[in-house]
Amino acid sequence: MPSFFSHIVCLECGHAMPADFAATTCAACGSQWLDARYDYAAVARLWPAALAGRERNLWRYGELLPLAEPDPEISMGEGFTSLTRLYSYERLYQHEHIYIKDERQGPTSSFKDRQAALAVTAMRRAGITECVLASTGNAGAAYAAYCARAGIKLWLFLTSLVPSEKMREAALYGAEVIKVSGTYDETKHVAAGFARRKGIHLDRGAKAIPGKESMKTLAYEIAEQLAYRLADSRWRSPDWYIQAVSGGIGPMGVWKGFLELQQMGLIDRMPKLGLIQAAGCAPMVNAFRAGAAEAAPVIPRTLITVLATGDPGFSYRYLREAVLSNGGTMAAIEDGRTFEAMRRLASKAGYSVEPATAVAFAGLEKLLQDGTIKPGEVVVVNCSGHTFTAESHILGDQYVHDLNLAAGHAPDEGLDAAIRILDEQVTSILVVDDNASDRRLIRRLLQRYKRYRIYEAASGAEALAVIRDHKPDFIITDLTMPEMDGFTLLEQLKHNPDTAAIPVVVVSAKTLTDVDTRLLQAYSESVWTKGGFDTRQLVEHVVQALGHDAAINGQRQPAARSLSLTVETTEVAHQQQIVIIEDNPHDLRLARRLLESEGSYRIITATSGRDGLKAIYEHHPDLIVLDLMLPEMDGFEVLRAVRDDAGLRDIPIVVLSAKELSAAERAALTPFTASVIEKAAFDRRQFLYTVNTILR
Ligand SMILES: Cc1ncc(COP(=O)(O)O)c(C=O)c1O
Ligand SMILES: [Zn+2]
């Protein structure tokens with residue numbers, strides 16, 4: 001099949017030049033933003049009929065690619081990933097027609113495989129034998145694999161924040177990996193300097209014609225796949241195309257692909273773009289909101305390092321116009337929301353994705369919730385990359401119910417005991433109260449006697465989200481809370497058939513009117529007045545309502561010795577958790593040993609601010625011990641991130657400071673910390689006393 005690549009147009013000045021997939025610079029204005037153009041009228045006569053019977057990979061669209069044929073020594077059958085509807089996830093948001101474009105199915109599990117396939121094929125055709133690339137990870141892995149097949153030596157510049165698993169994967173493909181301690185923008189700069197000095201070909205990312213053109217195939221595939229899925233089998237665009245954005249090559253290419261289909265009359269309208277960035281690195285969103293024509297560069301402050309392009313330059317101008325042309329939008333997402341979305345997508349839809357992809361889903365949730373996406377609109381989300389082992393923090397190291405029956409001699413009684421305990425350990429209870437210490441008190445009461453898994457929520461709205469995600473077996477709720485009170489929560493629960501059967505107990509300080517009482521009688525198991533009851537009775541009541549062994553006095557019966565039973569996840573919930581963030585190994589060991597010696601705390605440690613914050617997002621600890629001077633992200637930044645997150649700001653923080661603090665610094669810390677301890681004046685007993693008092 002021939003390519004119908006006819007000429008090149010400069011995106012900045014409109015100058016036209018002859019077709020050349022390796023062209024780099026506009027002859028008129030010097031711009032590097034060149035765009036390939038094709039003989040669309042000719043292609044419109046061929047498509048879609050000519051596509052029938054072609055292999056299902058991106059090369060089926062060869063007429064509209066700068067290189068029409070794959071190199072069989074290089075291609076790995078990239079492209080034509082599944083478009084799959086997310087039924088159960090749709091029900092969470094009461095929105096029909098949400099589709100995932102599953103780019104995890106690429107040879108190295110991200111959508112960058114398309115770009116690498118075209119770019120490396122072009123390089124080989126141009127006789128290039130060595131290449132320099134700067135990447136935040138996924139393009140690096142993709143190029144490394146394709147370069148391995150093409151016999152091209154790859155010099156891969158990655159920021160030091162790229163997870164070591166991804167670095168190792170690229171190195172395994174034979175790439176020369178250079179880790180740069182700096183931002184991604186700086187890394188690109190270093191890579192360009194290296195390429196220039198050594199005279200090696202530099203991959204130009206979104207500016208290179210083959211790379212950007214490769215991304216158009218996403219649009220072609222979506223239009224073709226939606227034709228099978230919806231109505232009259234005509235190609236069509238979705239109403240929304242949603243993607244997480246860093247440098248912008250994906251959405252730029254996709255937008256262009258839809259424009260071409262529209263120009264050829266294969267689709268009748270353009271999708272709206274929903275472009276999502278991590279709030280800690282959102283130069284495009286910031287500029288878009290401000291109505292600015294240029295994006296001011298930012299220094300990335302996000303855990304989603306894959307999306308760390310701080311200076312998007314021309315891409316922003318292009319995408320802004322695309323978004324403004326038909327009512328699309330840009331949105332920014334806090335990291336905490338992203339990790340929640342990541343778990344929700346996995347547990348509700350069966351898609352395990354990497355954080356950079358979860359950003360797009362958190363964005364989708366936001367646009368659905370704020371009404372930007374209207375009922376009935378068809379949404380396609382680019383599921384741009386798979387979870388890697390690098391994301392182990394998402395579950396921590398304890399996530400398995402490990403029921404280990406010693407072979408051969410399990411007496412029935414032991415088995416019963418084991419199953420009883422397992423039953424208890426997989427039982428979950430949601431405690432809803434806006435007062436964090438009341439919540440903790442109820443949690444501790446229950447966990448003193450039973451190994452229940454406890455979830456907490458600070459408002460009715462938060463509670464509904466937890467209920468939706470975790471379906472707890474039991475709910476204990478306060479009545480007076482901000483945003484949505486306990487009554488509204490109860491009404492919503494009891495009117496939803498999915499949740500109506502969950503037993504609810506009310507624990508409140510509110511004086512009840514007759515109306516209140518009648519309502520509560522209808523909706524709850526029992527009502528307890530804060531401060532006015534024996535706490536053990538409450539626990540006994542909950543335990544009985546759950547149909548468990550009522551004996552809560554004293555120690556639990558241990559399982560028979562021939563049975564060993566560990567239910568790790570609830571084991572975690574059973575103990576109070578403390579995250580210690582400290583980079584000095586000596587201080588870390590000391591703090592850890594001291595707290596472990598108390599016997600009742602589970603300690604999670606991190607040696608950088610960034611890892612510490614990840615641990616906090618993942619474990620929602622009961623307390624944080626925080627050093628101030630930390631690598632990557634210092635203690636003040638961690639404090640700021642925790643304070644800015646409504647779900648985390650109640651967690652007490654004990655600051656350990658190696659430097660002497662000025663009065664002003666102390667004053668700045670005071671509102672956000674439970675205690676500030678200077679290391680020079682560190683006293684072990686005092687430290688333990690402080691922690692124990694806070695967690696009492
Ligand atoms: C998984 C994933 N999603 C989204 C993006 C953002 O893509 P773009 O470079 O098109 O802005 C990247 C970029 O590296 C990525 O790796
Ligand atoms: Zn020009």
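Fair warning: this is a prediction, and the values are worked out from it, not measured in the lab. Ligands are counted one by one from 1 in listed order, and the atoms in each one are counted from 1 as well.
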Colleague: Taking the six-membered ring for Trp, is the centroid-to-centroid distance between Y318 and W33 below 6.0 Å?
Modeller: no
Colleague: Could you note down all residue pairs passing salt bridge (charged side-chain N to carboxylate O under 4.0 Å, His left out) where residues 6-35 supplies at least one of them, sequence neighbours left out?
Modeller: E12-R317, D35-R37, D35-K212, D35-K256
Colleague: Can the ring centres of Y241 and W255 be said to be less than 6.0 Å apart?
Modeller: no
Colleague: Among L275, L307, V245, which one puts a heavy atom closest to atom 5 (C) of ligand 1?
Modeller: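 Residue with the shortest heavy-atom distance to the ligand atom: L307.
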Colleague: Taking the ring of F5 and the ring of F21, is the distance between their centroids below 6.0 Å?
Modeller: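 No, the ring of F21 stays outside the 6.0 Å limit from the ring of F5, centre to centre.
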Colleague: Between the main-chain N or O of T84 and the side-chain N or O of S82, is there a donor-acceptor pair closer than 3.5 Å?
Modeller: no
Colleague: Can you tell me if S3 uses its side chain to pair, donor with acceptor, with the backbone of L65 under 3.5 Å?
Modeller: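 Present.
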Colleague: Using a cut-off of 2.8 Å, find all protein N, O or S atoms closer to the Zn ion (ligand 2) than that distance.
Modeller: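 Listed by chain and number, the nearby protein N, O or S atoms are C10 SG, C13 SG, C26 SG, C29 SG.
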Colleague: Purely on distance, is any nitrogen or oxygen of E354 under 3.5 Å from one on ligand 1?
Modeller: no
Colleague: Got more than 12 heavy atoms from elsewhere within 6.0 Å of CD, E321?
Modeller: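 Incorrect, the count does not exceed 12.
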Colleague: Report, in ascending order of atom number, the atoms of ligand 1 lying under 4.0 Å from any heavy atom of A244.
Modeller: 4 (C), 5 (C), 6 (C), 7 (O)
Colleague: Can you pull out the closest protein heavy atom to atom 7 (O) of ligand 1? Residue, atom name and distance to 0.1 Å, please.
Modeller: F111 CZ, 3.3 Å
Colleague: So which bit of M252 gets within less than 4.0 Å of ligand 1, heavy atoms only: side chain, backbone, both or neither?
Modeller: neither
Colleague: Is the side chain of E90 donor-acceptor paired with the backbone N or O of H97 at a distance under 3.5 Å, no angle test?
Modeller: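 Pair found, side chain donor or acceptor close to backbone of H97.
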Colleague: Based purely on interatomic distance, does S110 place a nitrogen or oxygen under 3.5 Å from a nitrogen or oxygen of ligand 1?
Modeller: no
Colleague: For I249, which part has a heavy atom under 4.0 Å from ligand 1: side chain, backbone, both, or neither?
Modeller: both
Colleague: Using a 4.0 Å heavy-atom threshold (strictly under), name the region of T136 that reaches ligand 1: side chain, backbone, both or neither.
Modeller: side chain
